[in-house]
2 protein chains.
Amino acid sequence: MEEHKENVGKENDKELDEETLFVVSQTFKALSDPTRIRILHLLFHKEYPVNGIAENLQLRQSTVSHQLRFLKNLRLVKYRREGTTLYYSHDDEHVMHMLKQTIDHACHS
Amino acid sequence: MEEHKENVGKENDKELDEETLFVVSQTFKALSDPTRIRILHLLFHKEYPVNGIAENLQLRQSTVSHQLRFLKNLRLVKYRREGTTLYYSHDDEHVMHMLKQTIDHACHS
DNA sequence: TGCATATATTAACATATGCTCATATTATAT
DNA sequence: ATATAATATGAGCATATGTTAATATATGCA
């Protein structure tokens, strides 16, 4: 019950608590690496298996797998299994929207 | 004249070009560090001198100065001079909006 | 000019990050 | 049970990053 955070009202002037700081920084950290950006950008429209991502982006399978684990831990991607193949897709609309906005912003500069 | 980027239309399916990738990743990298988040969060409502930021956030002067240079290079902050004092303030509405959104998102989780 | 205040810069250090190779795991089919 | 395909994991390495102390720079003023 008592699990609401600080600063829930309209007064967000106080210092950020440590947990919020951590979550926010981790979220942006996910978007701060070119490889992860490329992966999320690829997943924008449709799901891909790990090898599909690797082939599309010219990356090693282990590189993709490591980054997908990173993104999975932050719940930015999810997967569904089909045999031995795992189809990954994005799982955070807010983050994907920020990414799209920022890409558009950068493209039009 | 010919300096527009790729993917300016509605078809953003192609791979991201290297420059866009760099700008986007740098932008998010700025927001991926707790210290920089705290600084930008402090600058949300009003300007502060370097020492004011340091005192408020309990950081060394050199730490603040380094991070402000980082943010300044990305045009995320600006400053005005008054004597020997430099008053820093935010300078990118889009980024500040994303930061606020993500903080709120994290707070309410 | 000389001094004080505010800020910037440099170099050093410890830690974090991302990629790679090699290997392990998992599921499926024979 | 064995083999195969797809993915995950671990260790090692090079580079990036953030903080710090020490020092330099710049501005204003006596």
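Just so it is clear, the structure is predicted and the values come from calculations on it, not from any experiment. Each chain gets a letter, A, B and so on, in the order the sequences are listed, and its residues count up from 1.
The phosphate of D:dT20 (OP1 or OP2) has a side-chain N or O of B:Thr63 nearer than 4.0 angstrom. Regarding contacts with the backbone of D:dA8, a side-chain N or O of A:Tyr88 is found under 4.0 angstrom from either OP1 or OP2. Checking the phosphate oxygens (OP1, OP2) of D:dT9, a side-chain nitrogen or oxygen of A:Arg69 falls inside 4.0 Å.
Looking at heavy atoms from C-beta onward, B:Asp104 lies in side-chain contact with B:Lys100 at the 4.5 angstrom threshold. A 4.5 Å side-chain heavy-atom check between B:Ile39 and B:Leu57 finds at least one atom pair inside the cut-off. Contact annotation: the side chain of B:Pro34 approaches that of A:Leu21 to within less than 4.5 Å [non-hydrogen atoms, C-beta and beyond]. Between A:Phe44 and A:Leu42 there is no side-chain heavy-atom pair separated by less than 4.5 Å. No side-chain heavy atom of A:Lys46 sits under 4.5 Å from any side-chain heavy atom of A:Ser89. Side-chain contact between B:Val64 and B:Asn51 is absent, with no heavy atoms from C-beta onward closer than 4.5 Å. Within the 4.5 Å cutoff, the side chain of B:Leu71 has heavy atoms near those of the B:Arg36 side chain. The shortest distance between side-chain heavy atoms of B:Lys29 and A:Phe28 does not fall below 4.5 Å.
The distance between atom OH of A:Tyr79 and atom C1' of D:dA6, rounded to the nearest whole Å, is 13 Å. Taking atom CG of A:Asn73 as the reference point, atom C1' of D:dT9 lies 13 Å away to the nearest angstrom. Rounded to an integer number of Å, the gap from A:Arg81 CZ to D:dA5 C1' is 12 Å. For the pair A:Glu82 CD and D:dA6 C1', the interatomic distance rounds to 13 Å; values are reported in whole Å.
In the 5' to 3' direction, nucleotides of DNA chain C lying under 4.0 Å from heavy atoms of chain A begin and end at C:dT17 to C:dT28.
When each of B:His41, B:Gln58, B:Arg38 is tested with A:Glu15 by the rule side-chain hydrogen bond (donor to acceptor under 3.5 Å, both in side chains), just one qualifies, namely B:Arg38.
Aromatic pair A:Tyr79/A:Tyr88: centroids less than 6.0 angstrom apart.
Counting heavy atoms of neighbouring residues, nucleotides and ligands inside a 6.0 Å radius, atom NE2 of B:His94 exceeds 12 of them.
Residues from residues 46-61 of chain A placing a heavy atom under 4.0 Å of any atom in DNA chain D, listed by number, are A:Pro49, A:Val50, A:Asn51, A:Gln61. Near-neighbour residues of DNA chain C inside residues 25-40 of chain B, defined by a heavy atom below 4.0 Å, are absent.
As judged by a 4.0 angstrom heavy-atom cut-off over every strand, B:Ser62 is placed among the base-contacting residues. Nucleic acid contact class of B:Ser65 (heavy atoms, under 4.0 Å, all strands): base. Contacts of A:Tyr87 with the nucleic acid, taken as non-hydrogen atoms under 4.0 Å apart, are absent.
If you check distances only, the side chain of B:His66 does reach the base of D:dT20 with a donor-acceptor pair under 3.5 Å.
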